[in-house]
S.K.: 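Quick one: this structure, given as structure tokens, is what I'll be asking you about.
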Amino acid sequence: GGPTVSAQKYARSLVSEAIKLTRWLHAQQLELGDLRQDLLDAWIADGPGIRRRARLFTAWLQRADVTGALHVDWPYDFAQRPPLQDEQRFAALRRLLHDHDIGLRERFAGSVLLLYAQPLTRIAQLCTSDITMTDRGETAITFARGANVLPEPLASIALALRCQRVADGEQDGWLLPGRKPGTHITAEHLRKRLAVHGITSRPGRHGALLALAGTAMRGGEVADFVTASLRVVPRRALDKGYTFRYPELEPALRDLLGR
């Protein structure tokens, strides 16, 4: 399928608004720990509506005990479920990666959602050709910006799913086929299949986006994937010393995968 850039644009905007808010505070000789509700309201009111996307960043600051309670009004009248906490997300990932009673489709789709923050619409449109082998014999998956090497056991799950489809004669067909020949699974059907295992797409994806945005601000490997052409890393935004159980992707994956 054709590359979908909506996920990267959204993640890029999260990081961008976090940077803008941080710079605004620094311009007033303030640090992130000085951010209060009145300052946040003033910053949002003085700019475009996209500034409200800083709500995930402010939620991250609260979780790290950098600030007190902060609230960003969102112009929708339906209830917004909070992002999945890291411990909940990792617990769901462990179950998906290691529970062989769960189908390959659900294990693959749920893991990509919770680890790479890919929307279900994009996951549903993946093709068998999007799962490839690198020159070093590693299994990779292609998203909008190119191939990303998959960690084990997700790599084996993806490869097994691809082999199933190739064995069915779908060398370059949909990785997750739909009920009708020549169609891919719908995002809604995929959402329902994941819900059976307690995985909800929006909170799970937002939790992953939060983690990816945090890694991006630390200049980690995932930063290039999330921020694409964004090259500014606000080092001063980290001076308050965030306290995360998994401040970097590598130790988080090691714990997740039982290494």
Side-chain angles (χ1 to χ4, degrees), residues 1-13 78 81 84 89 92-93 95-209 212 222 224-226 228:
T4 299
V5 299
S6 59
Q8 288 204 29
K9 285 183 178 179
Y10 182 63
R12 204 152 50 232
S13 71
F78 56 82
R81 298 185 63 181
L84 209 61
R89 190 166 58 90
L93 274 166
R95 189 168 68 252
L96 289 168
L97 293 171
H98 300 291
D99 190 344
H100 295 273
D101 291 332
I102 302 175
L104 276 179
R105 282 186 173 195
E106 290 79 6
R107 295 176 69 193
F108 170 79
S111 297
V112 171
L113 169 75
L114 296 174
L115 191 55
Y116 294 100
Q118 290 294 298
L120 293 183
T121 51
R122 173 63 181 131
I123 297 172
Q125 296 178 44
L126 287 169
C127 293
T128 54
S129 58
D130 289 322
I131 305 298
T132 57
M133 298 296 292
T134 69
D135 294 337
R136 302 170 69 177
E138 299 166 310
T139 303
I141 186 170
T142 299
F143 296 131
R145 278 197 78 237
N148 297 264
V149 174
L150 295 173
E152 290 290 354
L154 179 55
S156 295
I157 294 171
L159 196 59
L161 193 57
R162 181 185 184 279
C163 288
Q164 279 187 1
R165 298 298 298 140
V166 172
D168 291 338
E170 296 291 340
Q171 184 68 36
D172 194 23
W174 300 114
L175 187 63
L176 304 173
R179 295 177 180 176
K180 296 181 180 179
T183 65
H184 60 73
I185 192 172
T186 65
E188 178 61 18
H189 187 50
L190 192 55
R191 182 191 66 78
K192 291 179 179 178
R193 294 181 70 152
L194 291 176
V196 172
H197 303 287
I199 298 168
T200 49
S201 60
R202 187 181 297 271
R205 181 168 177 253
H206 281 183
L209 280 169
L212 290 173
V222 184
D224 185 57
F225 166 69
V226 175

S.K.: Return yes if some donor-acceptor pair links the side-chain N/O of Arg89 with the main-chain N/O of Gly204 below 3.5 Å, else return no.
M.R.: no
S.K.: For the atom pair CG (Leu150) and CD1 (Ile131), what is the distance rounded to the nearest 0.5 Å?
M.R.: 6.0 Å
S.K.: So which heavy atom on Ala124 is nearest to which on Ala187, and how close?
M.R.: CB-N, 4.3 Å
S.K.: Would you please test Thr139 and Thr134 for side-chain contact (heavy atoms from CB on, under 4.5 Å) and show each step?
M.R.: CA-CA 6 Å; Thr139 303; Thr134 69; over 6 Å; no
S.K.: Side-chain contact, heavy-atom cut-off 4.5 Å: Pro177 with Arg105?
M.R.: yes
S.K.: For Phe108 and Leu113, run side-chain contact (heavy atoms from CB on, under 4.5 Å): C-alpha distance rounded to whole Å, both residues' side-chain angles, the deciding distance at 0.1 Å, then the answer.
M.R.: CA-CA 9 Å; Phe108 170 79; Leu113 169 75; over 6 Å; no
S.K.: Can any side-chain N or O of Asp130 pair as donor or acceptor with the backbone N or O of Cys127 at less than 3.5 Å?
M.R.: yes
S.K.: So Leu154 and Leu93, do their side chains get closer than 4.5 Å, heavy atoms only?
M.R.: no
S.K.: Does any non-hydrogen side-chain atom of Met133 lie less than 4.5 Å from one of Leu159?
M.R.: yes
S.K.: Evaluate the side-chain contact (heavy atoms from CB on, under 4.5 Å) criterion for residues Ile157 and Arg107: first the C-alpha distance (whole Å), next the side-chain angles of each, then the deciding distance (0.1 Å), finally the verdict.
M.R.: CA-CA 7 Å; Ile157 294 171; Arg107 295 176 69 193; 3.5 Å; yes
S.K.: If you round to the nearest 0.5 Å, how far is CZ of Arg165 from CG of Leu126?
M.R.: 12.5 Å
S.K.: Calculate, to the nearest 0.5 Å, the distance between atoms CZ and NE2 belonging to Arg179 and His189 respectively.
M.R.: 4.5 Å
S.K.: Classify the ring geometry of Tyr116 against Phe143: parallel below 30°, tilted from 30° to 60°, perpendicular beyond 60°.
M.R.: tilted
S.K.: Spell out, as yes or no, whether a donor-acceptor pair under 3.5 Å connects the side chain of Glu106 to the backbone of Gly110.
M.R.: no
S.K.: Examine the side chains of Gln125 and Thr121 and answer whether a donor and an acceptor come within less than 3.5 Å of each other.
M.R.: no
S.K.: Using modelled atom types only, decide if a donor and an acceptor are shared between the side chain of Trp174 and the backbone of Gly182 within a distance under 3.5 Å.
M.R.: yes
S.K.: Using 0.5 Å steps for rounding, measure from the CG atom of Leu190 to the CD1 atom of Ile185.
M.R.: 4.5 Å
S.K.: Once you round to the nearest 0.5 Å, how far does OG of Ser111 lie from CD1 of Ile199?
M.R.: 7.5 Å
S.K.: Rounded to the nearest 0.5 Å, what separation is found between the NE2 atom of His184 and the CG atom of Leu175?
M.R.: 12.0 Å
